[in-house]
Amino acid sequence: MDTDELTAIREALRRHEWQAALDAAAAASVDSPELEAELADMRADAAWWLGRLEECITAREVAYRMFEELGDHRRAGQCAVWLYEHHAFRARPAGSGAWLRRARRALETDPQCVEHGALLLREAETAHGGGDLDRALALATEVIGLGRALRSPDLEAEALQTKGRVLIHLGEVADGMGHLDEAMLFAVEGRLGAYSTGKVYCSLISACEELGDTDRAAEWTEATMRWAQESPFAIFPGVCRVHRAVVLKRRGSLVEAEREAERACDELAESHIGNSAAAYAEVGDIRRRLGDVDGAADAFERAQQLTGRPCGALALLRLAEGRVDAATSIVSGCLGETTTNRLARASLLPIVIQVAAAAGDIDAARDALGELEEIAGAFDTPFLRATALSARGRLQLMEQDTTAVATLRQAVEGWEALEVPYEVATTRTLLGEALRHRGEETAAIESFAAAAALFDRIGAHTDALLVAGDSRAALPAGLTEREVEVLRLVAAGLTNNEIAAQLYLSAKTVSRHASNIFTKIGVSSRAAATAFAFEHRLVESRR
């Protein structure tokens with residue numbers, strides 16, 4: 001290979017002509033180990049950007065071995081850092097960890113270089129993911145200083161975004177977002193390479209999603225999509241689509257959100273296992289909201305196949321199917337695996353409360369609410385405040401506390417300010433139940449009707465139909481639809497265990513419903529309850 005060929009490949013990579021660079025590198029012949037190592041590294045770069053990760057890994061491993069044999073510890077260490085990341089993308093924790101240790105061995109005696117900074121950043125990310133936030137913060141701070149000393153915008157910007165995310169998880173939201181904004185400034189100025197640009201964009205959007213800042217997430221998602229589509233980057237468009245699907249879902253554009261998430265599933269299938277699983281999980285949750293139960297189940301199953309564990313939103317699907325025990329098991333398992341990330345727990349705790357309410361487990365609901373309110377107080381964002389208010393209102397409703405009305409009205413106001421229609425409609429439904437329980441029937445019907453109309457407008461037609469039934473006149477004695485279902489089966493002579501089997505509930509839940517029914521209608525026996533059911537035309541008259 002002559003120097004002109006090598007220069008041509010470098011130029012193709014610089015212009016983001018990935019396929020041309022890969023073809024040229026594959027066709028080139030080399031006459032020295034140094035050139036062979038560099039050629040393999042460039043081949044790996046081109047394959048990565050084309051989304052051909054297995055091909056990338058093979059070439060990068062060749063480059064690593066050759067650089068190591070040549071005694072070029074910086075280049076070998078950088079290859080090891082990339083191989084850590086490549087294997088992490090493919091959800092291979094053992095392999096990625098081994099490559100990070102090799103990178104440490106190659107670079108530990110050469111701390112004043114960009115490659116060592118790249119290593120420290122991956123160690124910071126590993127510490128962050130493992131919950132060691134103090135170590136992650138110290139490492140990211142060290143790399144910011146190193147990036148500035150070496151005049152490396154890429155290293156400095158990546159370190160700023162890492163520190164920003166850690167600060168946010170420590171509850172220092174303003175300072176954390178400030179670091180992310182500073183990192184983003186490098187990207188907006190065009191001072192970063194393609195990889196660092198994409199990483200900074202995605203990190204800022206992810207932080208906005210965690211905090212529920214939908215407006216800001218939407219703004220940056222659109223900017224990132226434009227950037228990704230202007231250049232032939234195989235991985236980043238798919239990652240951006242996952243973020244865009246989340247934004248569209250929260251905005252109530254469910255059909256468009258489903259379309260974007262489905263495209264992301266396909267685009268990420270061969271490159272990033274974690275984001276591909278996240279895309280399938282988004283498809284599942286969007287389809288659940290659209291009332292496509294079978295489609296949602298299929299998408300959630302695909303996500304679980306990729307990660308080896310179910311996602312929290314699957315619990316809501318099981319709850320909609322009446323499988324309360326399964327929902328409890330799923331969300332409890334997810335919460336047990338999410339021990340250190342408080343924002344991730346905050347996304348699961350409302351599901352825990354909803355499932356606990358359906359199961360009649362008031363202690364579990366209270367415990368989850370206590371933790372959720374502590375997190376909401378620590379981060380103090382409008383999204384988390386509205387989330388905590390909705391959850392408290394649900395628990396108050398479960399306890400038949402009349403103050404649920406005031407709590408849920410506050411929650412509705414919070415969701416309306418955030419312009420997230422599905423959450424508004426869901427909370428209006430709870431408000432309708434609270435108003436009905438307090439005897440304010442006209443206001444309850446109005447709340448149910450508003451919720452049904454909003455569900456229908458965004459395409460959540462199944463939810464709309466369910467709520468529309470509540471907008472009719474109240475059932476006798478303040479009974480709920482579910483309690484009427486149970487009472488009808490009591491009147492038919494079924495035991496609690498038989499009712500549980502027919503309604504896909506636990507026996508404990510049926511017992512709780514029966515106790516509530518007896519209290520509301522003022523009877524103490526199943527015979528008297530049966531008489532009440534016939535008297536109020538809840539079942540057909542005896543012949």
Specify the closest pair of heavy atoms between Leu167 and Gly176, including all atoms of both residues, with the distance to one decimal. CB-CA, 3.7 Å

Any side-chain heavy-atom pair of Met398 and Leu395 under 4.5 Å: yes

Are side-chain heavy atoms of Ile445 and Leu435 found at a separation under 4.5 Å? no

Taking the side chain from Asp456 and the backbone from His461, do they hold a donor-acceptor pair closer than 3.5 Å? no

For the residue pair Gly432 and Ser447, what are the closest heavy atoms and their distance? N-OG, 3.5 Å

Taking Glu483 for its side chain and Thr480 for its backbone only, find out whether a donor-acceptor pair lies under 3.5 Å. yes

From His169 atom NE2 to Leu133 atom CG, the distance as rounded to the nearest 0.5 Å: 8.0 Å

Applying salt bridge (charged side-chain N to carboxylate O under 4.0 Å, His left out) to Asp463 and Arg288, what does each step give before you reach the verdict? CA-CA 10 Å; Asp463 286 311; Arg288 177 188 67 81; 5.8 Å; no

Is the backbone N or O of Val255 less than 3.5 Å from a side-chain atom of Glu258, with the two atoms forming a donor-acceptor pair by type? no

Using a 3.5 Å distance criterion without hydrogens, assess whether the side chain of His86 forms a donor-acceptor pair with backbone atoms of Trp82. yes

Sub-3.5 Å donor-acceptor pair from the side chain of Ser96 to the main-chain atoms of Arg92, do we have one? yes

More than 12 heavy atoms from other groups under 6.0 Å of CZ on Arg302: no

Give the intermediate values and the outcome of side chain to side chain contact (heavy atoms under 4.5 Å, CB included) for residues Asp380 and Val173. CA-CA 9 Å; Asp380 196 29; Val173 175; over 6 Å; no

Determine, stepwise, if the pair Arg366 / Glu399 fulfils salt bridge (charged side-chain N to carboxylate O under 4.0 Å, His left out). CA-CA 10 Å; Arg366 284 174 178 160; Glu399 296 173 321; 2.8 Å; yes

Whether Glu260 and Lys249 form a salt bridge (side-chain N of Lys/Arg under 4.0 Å from carboxylate O of Asp/Glu) is what I want to check. no

Separation between CG of Leu290 and CG of Asp285, rounded to the nearest 0.5 Å: 10.0 Å

Could you walk me through whether Arg165 and Glu210 pass the salt bridge (charged side-chain N to carboxylate O under 4.0 Å, His left out) check? CA-CA 10 Å; Arg165 296 298 295 279; Glu210 282 186 317; 3.3 Å; yes

Closest contact, heavy atoms only, Ala425 versus Ala451: O-CB, 3.4 Å

Can you tell which of Glu416, Glu413, Glu423, Glu446 makes a salt bridge (charged side-chain N to carboxylate O under 4.0 Å, His left out) with Arg428? Glu416

Any side-chain heavy atom of Val200 sitting closer than 4.5 Å to one from Phe186? no

Can you find a pair of side-chain heavy atoms, one from Leu369 and one from Arg394, that are under 4.5 Å apart? no

Tightest non-hydrogen contact, residues Leu479 and Lys520, listed as CD2-CD, 3.9 Å

Is there a salt bridge (charged side-chain N to carboxylate O under 4.0 Å, His left out) between Arg259 and Glu262? Walk through the geometry before answering. CA-CA 5 Å; Arg259 186 163 53 245; Glu262 286 174 339; over 6 Å; no

Report the C-alpha separation of Leu316 and Leu314 in whole Å, then their side-chain angles, then the decisive distance to 0.1 Å, and conclude whether the side chain to side chain contact (heavy atoms under 4.5 Å, CB included) test is met. CA-CA 5 Å; Leu316 294 176; Leu314 175 60; over 6 Å; no

From OG1 (Thr221) to CD (Glu209), nearest 0.5 Å: 6.0 Å

Rounded distance (nearest 0.5 Å) linking atom CZ of Arg342 with atom OG of Ser347: 14.0 Å

Please answer whether the main-chain N or O of Leu384 pairs with a side-chain N or O of Thr381 as donor and acceptor at a distance below 3.5 Å. yes

Polar side chain donor-acceptor pair, Ser206 to Ser203, under 3.5 angstrom: no

How far does CG of Leu408 sit from OG1 of Thr429, to the nearest 0.5 angstrom? 10.5 Å

Do Arg436 and Phe448 form a cation-pi contact, if we require the NZ or CZ to be under 6.0 Å from the six-membered ring centre and within 45 degrees of the ring's axis? no

Just so I know, are the side chains of Met177 and Arg216 near enough to count as touching, which here means a heavy-atom distance under 4.5 Å? yes

Would you call Asp367 and Val352 a side-chain contact if the rule is heavy atoms closer than 4.5 Å? no

Verify the neighbour count for atom CZ of Arg148: are there more than 12 heavy atoms of other residues, nucleotides or ligands below 6.0 Å? yes

Any idea which heavy atoms bring Thr427 and Val412 closest together, and the distance? CG2-CG2, 3.7 Å

Which heavy-atom pair separates Ala391 from Leu372 by the least distance, and what is that distance? CB-CD2, 3.7 Å

Report yes if some heavy atom in the side chain of Val283 is under 4.5 Å from a heavy atom in the side chain of Arg287; otherwise report no. yes

What distance separates Thr328 OG1 from Asp361 CG, expressed to the nearest 0.5 Å? 7.5 Å

For Arg318 and Val324, indicate whether the former's side chain and the latter's backbone hold a donor-acceptor pair under 3.5 Å. no

Mind running side chain to side chain contact (heavy atoms under 4.5 Å, CB included) on Leu268 and Val242 for me, showing each step along the way? CA-CA 10 Å; Leu268 294 166; Val242 180; 3.9 Å; yes

Verify, without hydrogens or angle tests, whether Ser196 (side chain) and Leu192 (backbone) share a donor-acceptor contact under 3.5 angstrom. no

Measuring only between side-chain heavy atoms, which start at C-beta, is Leu121 closer than 4.5 Å to Leu139? no

Could you tell me whether Arg250 and Glu419 make a salt bridge, using a distance below 4.0 angstrom between a side-chain N and a carboxylate O? no

Hey, are Asp325 and Lys508 close enough for a salt bridge, meaning a charged N less than 4.0 Å from a carboxylate O? no

Are Trp415 and Phe383 close enough that their ring centres sit under 6.0 Å apart? yes

Go through it in stages, so that I can follow the logic: the residues are Asp401 and Thr403, the test is side-chain hydrogen bond (donor to acceptor under 3.5 Å, both in side chains), and I'd like the CA-CA distance, side-chain angles, deciding distance and then a yes or no. CA-CA 5 Å; Asp401 183 344; Thr403 61; 2.8 Å; yes

Any donor and acceptor pair, going by atom type alone, linking the side chain of Arg345 with main-chain N or O of Leu335 inside 3.5 Å? yes

Would the distance check show the side chain of Glu156 and the main-chain N or O of Gly147 forming a donor-acceptor pair, the cut-off being under 3.5 Å? no

Is it true that the NZ or CZ of Arg289 lies under 6.0 Å from the centre of Tyr422's six-membered ring and within 45 degrees of the ring axis? yes

From CA spacing to verdict: side chain to side chain contact (heavy atoms under 4.5 Å, CB included), Phe300, Tyr280: CA-CA 6 Å; Phe300 283 132; Tyr280 276 113; over 6 Å; no

